[in-house]
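Below, chains carry the letters A, B, ... as their sequence lines are ordered, and counting in each starts from 1. What you see below is based on every heavy atom in this structure, not just the backbone, and it leaves out hydrogens, waters and symmetry mates.
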2 protein chains.
Amino acid sequence: MEGKDLRKAGLKVTLPRLKILEILESSDTARHLSAEDIYRTLLDSNEDIGLATVYRVLTQFEAAGLVTRHHFEDGMAVFELNQGTHHDHIVCLDCGRVEEFVDSGIEERQNAVAQRLGFAIRDHSLIMYGHCRRADCPHRGKSNKNS
Amino acid sequence: MEGKDLRKAGLKVTLPRLKILEILESSDTARHLSAEDIYRTLLDSNEDIGLATVYRVLTQFEAAGLVTRHHFEDGMAVFELNQGTHHDHIVCLDCGRVEEFVDSGIEERQNAVAQRLGFAIRDHSLIMYGHCRRADCPHRGKSNKNS
DNA sequence: TTTGCTGCAAATGCTTTGCATGTAG
DNA sequence: CTACATGCAAAGCATTTGCAGCAAA
């Protein structure tokens, strides 16, 4: 299936890469996984894949444009499958849930600002942090991520 | 002078803290320093202050609201003296220069988005990365910071 | 077969911490 | 004098890398 994507990226189609791709695809709700998250998921699936490989594969995927790496405030990097559409993020400080959004107005004004300051923008990152109002969000003060 | 700020923050007025505060204040152009930057500046001033202390002091300053910690893409954290006014950042990928800006339109739309998604925003971070067009900016591919 | 991939363990780089000493209040 | 600060060295954590063995094409 998505072995094609790997080929196109100049990467051999191997089990670790397919598995990791699969995990990134299947995580519908919280599609923003750290290397550790993915590693643990692999262990749970009885896959014998090392953490170093997870990092290597994710780095390669990033270089190939398959995934994007984000640095949220907690330090640990999270990876997200690229679906072509650009979007920004809003992170719940209580439950760690991540929502995505696009606001064309924000995008426009960003470009205007960049132009005014004489910058040729190559990339940008907008992340808002706050408290969501979902019923299942535990307001425990400290964030507890991964489901 | 700013010993007051320290007192108000519940921190004893010590040489390391004053010196670090001073360094953060005096860096007019590139006011976004990493712990290492500050440490080296201290060494250059023949101050005998350990790197661990720099980190401890900066962390305390952050907790006290005196400085803000930013995580730009290169991983290393940078610290900026808080001057009350909120602003976002645009970073040059070539020379590492950081410009600050505020766009009320962006702020407004951010709030609108947050409200629409049911989030109570506590904080946000908008950073743009690009190439500036300054004469003294070396387009050397890799970023070379500190003056 | 040949090149590239993997696992493991060791190394890295930034940041934090334990502990004995020093110093502000 | 007492509590908090500091310096140093060692620890911690996420991430990267070296290397010998393995697997895809």
Side-chain angles (χ1 to χ4, degrees), chain A residues 1-21 32-40 42-43 45-64 66-79 143 145-146, chain B residues 1-21 32-40 42-43 45-64 66-79 96 142-143 145-146:
Chain A
M1 338 232 101
E2 44 275 309
K4 293 299 171 58
D5 301 307
L6 293 175
R7 268 288 162 40
K8 227 170 16 178
L11 299 170
K12 278 187 184 170
V13 180
T14 65
L15 190 74
R17 307 221 244 240
L18 284 174
K19 276 292 173 193
I20 292 175
L21 218 45
H32 292 83
L33 305 172
S34 68
E36 274 281 339
D37 289 336
I38 294 174
Y39 179 56
R40 270 199 299 276
L42 286 169
L43 289 186
S45 310
N46 283 75
E47 298 293 341
D48 196 9
I49 296 176
L51 181 54
T53 299
V54 174
Y55 275 106
R56 261 185 301 233
V57 168
L58 287 171
T59 302
Q60 293 160 342
F61 282 5
E62 186 190 18
L66 286 175
V67 306
T68 303
R69 183 194 303 246
H70 299 288
H71 294 283
F72 294 162
E73 273 190 350
D74 29 63
M76 207 153 53
V78 296
F79 297 83
S143 82
K145 42 191 48 178
N146 68 290
Chain B
M1 335 233 102
E2 45 275 311
K4 293 300 170 57
D5 300 306
L6 292 176
R7 268 288 161 39
K8 224 170 18 175
L11 298 171
K12 282 185 180 170
V13 180
T14 65
L15 190 75
R17 305 220 245 240
L18 284 173
K19 275 294 173 191
I20 292 174
L21 216 46
H32 291 83
L33 306 172
S34 68
E36 274 280 339
D37 289 336
I38 294 175
Y39 179 57
R40 270 199 300 276
L42 287 168
L43 289 187
S45 309
N46 283 75
E47 299 293 342
D48 196 9
I49 295 176
L51 180 55
T53 300
V54 175
Y55 274 106
R56 260 185 301 234
V57 168
L58 288 171
T59 302
Q60 294 159 342
F61 282 6
E62 186 191 19
L66 286 174
V67 307
T68 304
R69 183 193 303 246
H70 298 287
H71 293 285
F72 294 162
E73 273 190 352
D74 28 64
M76 209 152 53
V78 296
F79 298 83
K142 272 289 142 225
S143 83
K145 41 191 48 178
N146 68 290

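Atom CE in Met76(B) sits about 18 Å away from atom P in dT12(C), given to the nearest Å. As a whole-Å value, the separation of Asp74(A) CG from dC14(C) P is 20 Å. In this structure, His71(B) places its NE2 atom 11 Å from C1' of dC14(C), rounding to the nearest Å.
When DNA chain D is scanned 5' to 3' for any atom under 4.0 Å from a heavy atom of chain B, the first and last hits are dA3(D) to dA9(D).
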Checklist entry - Could you walk me through whether Leu21(A) and Leu6(A) pass the side chain to side chain contact (heavy atoms under 4.5 Å, CB included) check? => result CA-CA 9 Å; Leu21(A) 218 45; Leu6(A) 293 175; 4.2 Å; yes

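Residue pairs satisfying the salt bridge (Lys or Arg N to Asp or Glu O under 4.0 Å) criterion with at least one member in residues 54-63 of chain A, sequence neighbours excluded, are listed as follows: Glu62(A)-Arg69(A).
The two residues Leu51(A) and Glu36(A) have their closest heavy-atom pair at CD2-OE2, 3.7 Å.
How far NE2 of His71(A) is from CE of Met76(A): 12.5 Å, rounded to the nearest 0.5 Å.
A sub-4.0 Å separation between OP1 or OP2 of dT16(C) and a side-chain N or O of Tyr55(B) is absent.
Listed by chain and number, the residues in a side-chain hydrogen bond (donor to acceptor under 3.5 Å, both in side chains) with Thr14(A) amount to none (sequence neighbours excluded). Every residue two or more places apart in sequence or in another chain was checked for a ring-ring contact (aromatic ring centres under 6.0 Å, His included) with Tyr39(B), and none qualifies. In this structure, the side-chain hydrogen bond (donor to acceptor under 3.5 Å, both in side chains) partners of Gln60(A), at least two apart in sequence or on a different chain, are Arg17(A).
Side-chain contact check for Phe79(B) versus Asp37(B): every heavy-atom pair is 4.5 Å or farther apart.
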Checklist outcome for this item: Going 5' to 3' through nucleotides 4-10 of chain C and flagging B where a protein heavy-atom sits under 4.0 Å of the base, S where only the sugar-phosphate is that close, and - otherwise, we get SSSBBB-

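Note on Ser34(A): nothing from the nucleic acid sits closer than 4.0 angstrom, heavy atoms only.
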